[in-house]
Structure formats: C-alpha cells, structure tokens
**Student:** 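Take this structure first; my questions come after.
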Amino acid sequence: MYLYNSRLHKTPFGAVEVGEEITIKLSVKKQFLPSIIRLYLRKDASADIWTFNLLGINGDMAEYSCTFSVEEAGVYFYRFEAVLSGGRVEFIGRDKWGNAVKGDNLPEWQLTVFEENSFRHKRSGKDIIYHIFIDRFNRCGEKVKPP
C-alpha cells in the first residue's frame, strides 16, 4: 500500500549537513488515497511536522513529495502518518529491510545531521578518517532481502 525505502526515496541518501535540503518521496496505492500525509521528525520528546504534497498519479500509484531541512546537528528519527477518508489515521514505519509498512509502534528511519567540518580532524583539518564496520556488510547467518 505504501512504497518508501530510504535508500531509494530519500535525497540525498545518508547523513546530511545542517541546513541541507532533504526530499522524501512516498507512493501510495491510488485506491487508498489519503487526504493528508505527514512526516514526523523527532530528536527528543518533541517532533517537527511537515506535510507531503501530491505530485500526481502514475498508473495505480499516487506520488507524494516532502522537502525540508534541519537546522540543528544530531540524530533524528522519522515516520509518516496518513489521514484517510473518515479521519482514520495510519501510522507508517519501517520493516527490518527499511521498507514502509503500516502499523503501531514500528521502528522509525534514522536521519543523521552533522555540522559543516565536524568530521575533520582537529590537528590539520585535512585528514580523512574511514570507519569500516565489517559486520554491516553481511552478518553471518542473516539473510538479506532486497528493497
């Protein structure tokens, strides 16, 4: 019913710089066309809310887009809410592969926002540091499902 995966539908993919414009695209099956879709972005207890715009209908899918920026560095979490006819609200979070699913108390997507030059080494300002997490490539015994 909802089509979203941060690897495919968030631009830019990965961490973003403070103030950088972020665009998220979400598709919904046309027969479930919501009246409103909102993005909830939280850092702590409070959340910022943005509303998606309907871009158009492509075949049997309605395509929505939301563009925003974050002005403070940190680790954020986001999810979606769709308001359907009659006022019913569907909560949209992620499954273990990062795809959108509806339900209550689902995991959220993570958004890391960094300050300009925050990754530079304090000594020279020109060093590049690589962090390689071997277990992120393919954990032993874990099956990987494509988006």
Side-chain angles (χ1 to χ4, degrees), residues 1-120 125 128-139 141-147:
M1 175 170 24
Y2 298 97
L3 179 61
Y4 176 78
N5 185 296
S6 62
R7 287 180 232 120
L8 305 171
H9 303 107
K10 179 181 149 293
T11 306
F13 173 70
V16 297
E17 189 174 337
V18 167
E20 185 173 3
E21 195 170 85
I22 303 160
T23 299
I24 291 181
K25 293 186 178 178
L26 176 71
S27 296
V28 181
K29 287 202 180 220
K30 188 169 64 172
Q31 71 247 33
F32 301 106
L33 200 64
S35 57
I36 298 172
I37 298 178
R38 295 185 188 105
L39 177 135
Y40 284 78
L41 179 74
R42 66 176 183 81
K43 184 175 179 185
D44 297 315
S46 64
D48 291 322
I49 304 168
W50 285 273
T51 302
F52 280 80
N53 296 310
L54 177 62
L55 297 177
I57 307 230
N58 186 6
D60 67 337
M61 299 297 282
E63 297 180 359
Y64 291 84
S65 178
C66 179
T67 300
F68 63 98
S69 62
V70 180
E71 302 306 321
E72 183 181 324
V75 176
Y76 294 81
F77 296 92
Y78 65 97
R79 63 179 166 81
F80 311 119
E81 287 186 10
V83 180
L84 304 176
S85 61
R88 188 171 59 109
V89 176
E90 290 189 333
F91 302 100
I92 304 142
R94 67 171 177 82
D95 64 14
K96 64 181 179 180
W97 297 284
N99 298 308
V101 292
K102 67 178 183 168
D104 295 328
N105 300 317
L106 292 167
E108 299 171 312
W109 290 272
Q110 181 178 313
L111 175 64
T112 302
V113 180
F114 62 91
E115 291 183 27
E116 182 181 20
N117 299 325
S118 64
F119 291 119
R120 290 197 181 160
I128 297 175
I129 300 172
Y130 292 95
H131 294 271
I132 300 173
F133 299 97
I134 303 300
D135 69 327
R136 301 305 193 270
F137 290 98
N138 191 3
R139 294 184 180 137
E142 182 176 309
K143 293 182 180 181
V144 178
K145 179 181 175 186

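Quick caveat: nothing in here was measured; it's all calculated off a predicted structure.
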**Student:** Can you run down the ring-ring contact (aromatic ring centres under 6.0 Å, His included) pairs that involve residues 44-63, sequence neighbours left out, and say none if there aren't any?
**Tutor:**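 Residue pairs with at least one partner in residues 44-63: Trp50-Phe68, Phe52-Phe80.
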**Student:** Hey, could you give me the CG/CG distance between Leu55 and Leu26, rounded to the nearest 0.5 Å?
**Tutor:**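 Leu55 atom CG to Leu26 atom CG measures 10.5 Å (nearest 0.5 Å).
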**Student:** May I ask you to test the Gln110-Val75 pair for a side-chain heavy-atom distance under 4.5 Å?
**Tutor:**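 Yes, their side chains come closer than 4.5 Å.
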**Student:** Excluding sequence neighbours, so at least two apart, what forms side-chain hydrogen bond (donor to acceptor under 3.5 Å, both in side chains) with Tyr78?
**Tutor:**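 So Tyr78 forms a side-chain hydrogen bond (donor to acceptor under 3.5 Å, both in side chains) with Tyr4.
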**Student:** Please list, chain by chain and in numerical order, all residues satisfying side-chain hydrogen bond (donor to acceptor under 3.5 Å, both in side chains) with Thr23, sequence neighbours excluded.
**Tutor:**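 Expected list: Thr67.
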**Student:** Would you name the heavy atoms of Gly19 and Glu71 that are closest together and state the gap between them?
**Tutor:**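 Taking every non-hydrogen atom into account, CA-OE2, 3.6 Å.
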**Student:** Using side-chain contact (heavy atoms from CB on, under 4.5 Å) as the criterion, list what pairs up with Pro12, not counting sequence neighbours.
**Tutor:**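 Result, side-chain contact (heavy atoms from CB on, under 4.5 Å) vs Pro12: Val16, Glu20.
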**Student:** Check Arg88 against Glu90 and note the closest heavy-atom contact, atom names and distance.
**Tutor:**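 It is NH1-OE2, 3.4 Å.
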**Student:** Would you list the pairs meeting salt bridge (charged side-chain N to carboxylate O under 4.0 Å, His left out) in which at least one residue belongs to residues 50-59, sequence neighbours left out?
**Tutor:**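 Salt bridge (charged side-chain N to carboxylate O under 4.0 Å, His left out) check on residues 50-59 returns no pairs.
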**Student:** If you take all heavy atoms of Ala82 and Tyr2, which pair is closest and at what distance?
**Tutor:**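 Here Ala82 and Tyr2 meet closest at CB-OH, 3.4 Å.
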**Student:** List, one per line, each side-chain donor-acceptor pair under 3.5 Å for residues 32-49, sequence neighbours excluded.
**Tutor:**
residue	atom	partner	partner atom	Å
Ser35	OG	Val83	O	3.1
Tyr40	OH	Glu81	OE1	3.3
Arg42	NE	Glu108	OE1	2.9
Arg42	NH2	Glu108	OE1	2.7
Lys43	NZ	Glu72	OE2	2.7
Lys43	NZ	Ala73	O	2.9

**Student:** Going by salt bridge (charged side-chain N to carboxylate O under 4.0 Å, His left out), name the residues that satisfy it together with Lys30, two or more places apart in sequence or in a different chain.
**Tutor:**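 For Lys30 there are no salt bridge (charged side-chain N to carboxylate O under 4.0 Å, His left out) partners, ignoring immediate neighbours.
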**Student:** Restricting to salt bridge (charged side-chain N to carboxylate O under 4.0 Å, His left out), what partner residues turn up for Glu63, sequence neighbours left out?
**Tutor:**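 Testing Glu63 for salt bridge (charged side-chain N to carboxylate O under 4.0 Å, His left out), a comparison that skips the adjacent residues, returns none.
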**Student:** If the condition is side-chain hydrogen bond (donor to acceptor under 3.5 Å, both in side chains), which residues does Tyr76 pass it with, not counting sequence neighbours?
**Tutor:**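 Expected list: none.
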**Student:** If you compare all heavy atoms of Ile24 against all heavy atoms of Lys10, which two are closest, and at what distance to 0.1 Å?
**Tutor:**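 What the structure gives for the nearest pair is CG1-CG, 4.1 Å.
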**Student:** Can you give me the closest heavy-atom contact between Trp97 and Asn5, atom names plus distance?
**Tutor:**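 Between these two residues, the closest heavy atoms are O-ND2, 3.4 Å.
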**Student:** First locate atom CG of Leu3, then atom NZ of Lys25, and finally report the distance between them rounded to the nearest 0.5 Å.
**Tutor:**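 Separation between the atoms: 12.5 Å.
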**Student:** Answer yes or no: is there a side-chain heavy-atom contact under 4.5 Å between Arg79 and Leu106?
**Tutor:**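 They are not in contact (no side-chain heavy atoms under 4.5 Å apart), so the answer is no.
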**Student:** With sequence neighbours left out, write down each residue that passes side-chain hydrogen bond (donor to acceptor under 3.5 Å, both in side chains) with Gln31, or none if nothing qualifies.
**Tutor:**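 Scan of Gln31 (side-chain hydrogen bond (donor to acceptor under 3.5 Å, both in side chains), adjacent residues dropped) gives none.
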